[in-house]
Amino acid sequence: MSDRRTLKLFVKGNADIVNAVLSKNDGGVRLTSGVRELVAASFPGSSVTVDSEPSHGFGELRRELAAGTTKINTMQPDVVVLSLADDVAALADQPAVTEEVLAALQEDLVAAITAIKELGAHILVANVSTFDPGDATTNYHGLAPEPFALRAHRLDLMLVGVSHTNGISVIDVDRLLAEHGAASVVRRPAHYNAEGCSIIADEVVRILEDYGFFDDRPLVAQVGAGAG
């Protein structure tokens, strides 16, 4: 990235994703070294600027983008990082995550993705760990409202489909933290300790590297495998 302008990274979401990307110096509360510091240490000559803004789900994000009231419109970042966590939490009072609910959520997400891509940004969306430290349920059949783990599974699966058709990158938090032992890093549903946040930050840097942001080569375009 020696002849490329500084990468502008924007995080739109609640504390779960902000703390997994931004260091304490940049507004997070968990990491000494966030994505900005990791890039500086691993890719001499490359630099990242970071900023963040709260979010309350993809529906609100869609409306903000349409109205031009989010920093994404004015900052025009190179990369936008989003998270499913707000929408998983918002569905806590629903008896079940129905196909209609999922379809509406997917519509909001796709509309937001389309608007952000029109600004020229790459998009990364973090799913959520399905591990709930306080849930010892062994049979989810017929439970109402649906427990966190089941809601998270449903939304994580929806995100896979959106990635396939709309060309975004999924930060697979569920897999990453499970491989490292979710019980040791998940504080409560969709909230992670410093070790868990560090694992996610490393993955964000890996994805950015794969796209070519730190090399003197054309960026890999975000095109869904199922597009068309």
Side-chain angles (χ1 to χ4, degrees), residues 6-44 46-58 61 71 75 77-90 92 122-136 147-149 151-153 155-156 159 168-211 213-214:
T6 298
L7 173 67
K8 294 189 293 184
L9 180 68
F10 189 81
V11 182
K12 179 74 171 174
N14 67 4
D16 79 288
I17 191 63
V18 170
N19 290 328
V21 176
L22 274 60
S23 67
K24 294 177 182 177
N25 287 333
D26 293 328
V29 300
R30 299 266 186 272
L31 299 177
T32 301
S33 293
V35 168
R36 182 177 62 81
E37 291 86 355
L38 292 171
V39 168
S42 300
F43 304 97
S46 298
S47 61
V48 176
T49 62
V50 295
D51 199 357
S52 66
E53 185 177 65
S55 172
H56 300 288
F58 296 134
L61 174 58
K71 287 183 183 178
M75 179 184 176
D78 300 299
V79 178
V80 174
V81 180
L82 308 173
S83 173
L84 278 178
D86 292 308
D87 289 283
V88 173
H122 281 57
I123 302 169
L124 281 59
V125 184
N127 66 17
V128 295
S129 169
T130 55
F131 177 71
D132 179 355
D135 184 6
F148 169 83
R151 280 182 284 128
H153 273 298
L155 269 66
D156 285 357
L159 184 59
I168 59 172
S169 285
V170 176
I171 307 168
D172 195 353
V173 173
D174 194 32
R175 175 186 61 79
L176 291 166
L177 300 190
E179 289 176 349
H180 285 78
S184 66
V185 295
V186 178
R187 296 157 52 92
R188 61 184 188 277
H191 290 269
Y192 319 116
N193 64 16
E195 182 183 2
C197 289
S198 180
I199 293 166
I200 297 168
D202 286 339
E203 179 69 0
V204 171
V205 174
R206 184 197 66 77
I207 294 171
L208 296 177
E209 181 184 8
D210 283 350
Y211 275 114
F213 281 106
F214 312 128

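Basis for what follows: all heavy atoms, side chains included, without hydrogens, waters or symmetry-related copies.
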Problem set entry | Test item: P133 and P189 side chains (from C-beta on) under 4.5 Å apart, heavy atoms | yes
Exercise. V11 and V50: side-chain contact (heavy atoms from CB on, under 4.5 Å), yes or no, with the steps?
Worked result: CA-CA 8 Å; V11 182; V50 295; over 6 Å; no
Problem set entry | Reported CG-to-CZ distance for the pair L9 and R36, which is rounded to 0.5 angstrom | 11.0 Å
For this session: Tell me, with the steps shown, if V185 and F131 meet side-chain contact (heavy atoms from CB on, under 4.5 Å).
Result: CA-CA 10 Å; V185 295; F131 177 71; over 6 Å; no
Problem set entry | Minimum side-chain heavy-atom gap V125-F58 below 4.5 Å | yes
Exercise. Do K8 side-chain atoms and V48 backbone N/O form a donor-acceptor pair below 3.5 Å?
Worked result: no
For this session: Apply side-chain contact (heavy atoms from CB on, under 4.5 Å) to V35 and V81, showing your working.
Result: CA-CA 12 Å; V35 168; V81 180; over 6 Å; no
For this session: Would you check if the side chain of D156 reaches a backbone N or O of V128 as a donor-acceptor pair within less than 3.5 Å?
Result: yes
For this session: Mind listing the closest non-hydrogen atom pair of K24 and V29 along with its distance?
Result: CE-O, 3.7 Å
Problem set entry | 4.5 Å side-chain heavy-atom contact, S52 and L22 | yes
For this session: Report yes or no: does N193 contribute a side-chain atom to a donor-acceptor pair with the main-chain N or O of S184 at less than 3.5 Å?
Result: yes
Problem set entry | Heavy-atom check, side chain of V79 versus side chain of Y211, under 4.5 Å | no
For this session: Report yes or no: does E37 contribute a side-chain atom to a donor-acceptor pair with the main-chain N or O of G34 at less than 3.5 Å?
Result: yes
Problem set entry | Nearest-0.5 Å distance, CG of residue D86 to OG of residue S55 | 4.5 Å
For this session: Any chance you could measure L38, atom CG, to S198, atom OG, to the nearest 0.5 Å?
Result: 7.0 Å
For this session: Mind running salt bridge (charged side-chain N to carboxylate O under 4.0 Å, His left out) on D210 and R206 for me, showing each step along the way?
Result: CA-CA 6 Å; D210 283 350; R206 184 197 66 77; 2.6 Å; yes
For this session: Mind checking the CD1-CG spacing from I17 to L82? Nearest 0.5 Å is all I need.
Result: 8.5 Å
For this session: Look up atom CD in E179 and atom CD1 in I199, then write down how far apart they are to the nearest 0.5 Å.
Result: 9.5 Å
Exercise. If every non-hydrogen atom of S129 is compared with every non-hydrogen atom of V186, which pair is closest and at what distance?
Worked result: OG-CG2, 3.7 Å
Exercise. Taking atom CD of E53 and atom CG of L61, what is their separation to the nearest 0.5 Å?
Worked result: 9.0 Å
Exercise. Any donor and acceptor pair, going by atom type alone, linking the side chain of D87 with main-chain N or O of G57 inside 3.5 Å?
Worked result: no
Problem set entry | Least distance between heavy atoms, N19 atom then G28 atom | OD1-CA, 3.4 Å
Problem set entry | From CA spacing to verdict: side-chain contact (heavy atoms from CB on, under 4.5 Å), V39, V205 | CA-CA 7 Å; V39 168; V205 174; 4.2 Å; yes
Problem set entry | Under 3.5 Å donor-acceptor, R30 side chain and Y192 backbone | yes
Problem set entry | Closest heavy-atom pair and its distance - A126, V173 | CB-CG2, 4.0 Å
Problem set entry | Atom of G27, atom of V18 and distance for their closest heavy-atom approach | O-CG1, 4.4 Å
For this session: Decide whether T6 and S47 meet the rule of one side-chain donor and one side-chain acceptor closer than 3.5 Å.
Result: yes
For this session: Could you tell me whether the side chain of D174 and the main chain of T130 form a donor-acceptor pair under 3.5 Å?
Result: yes
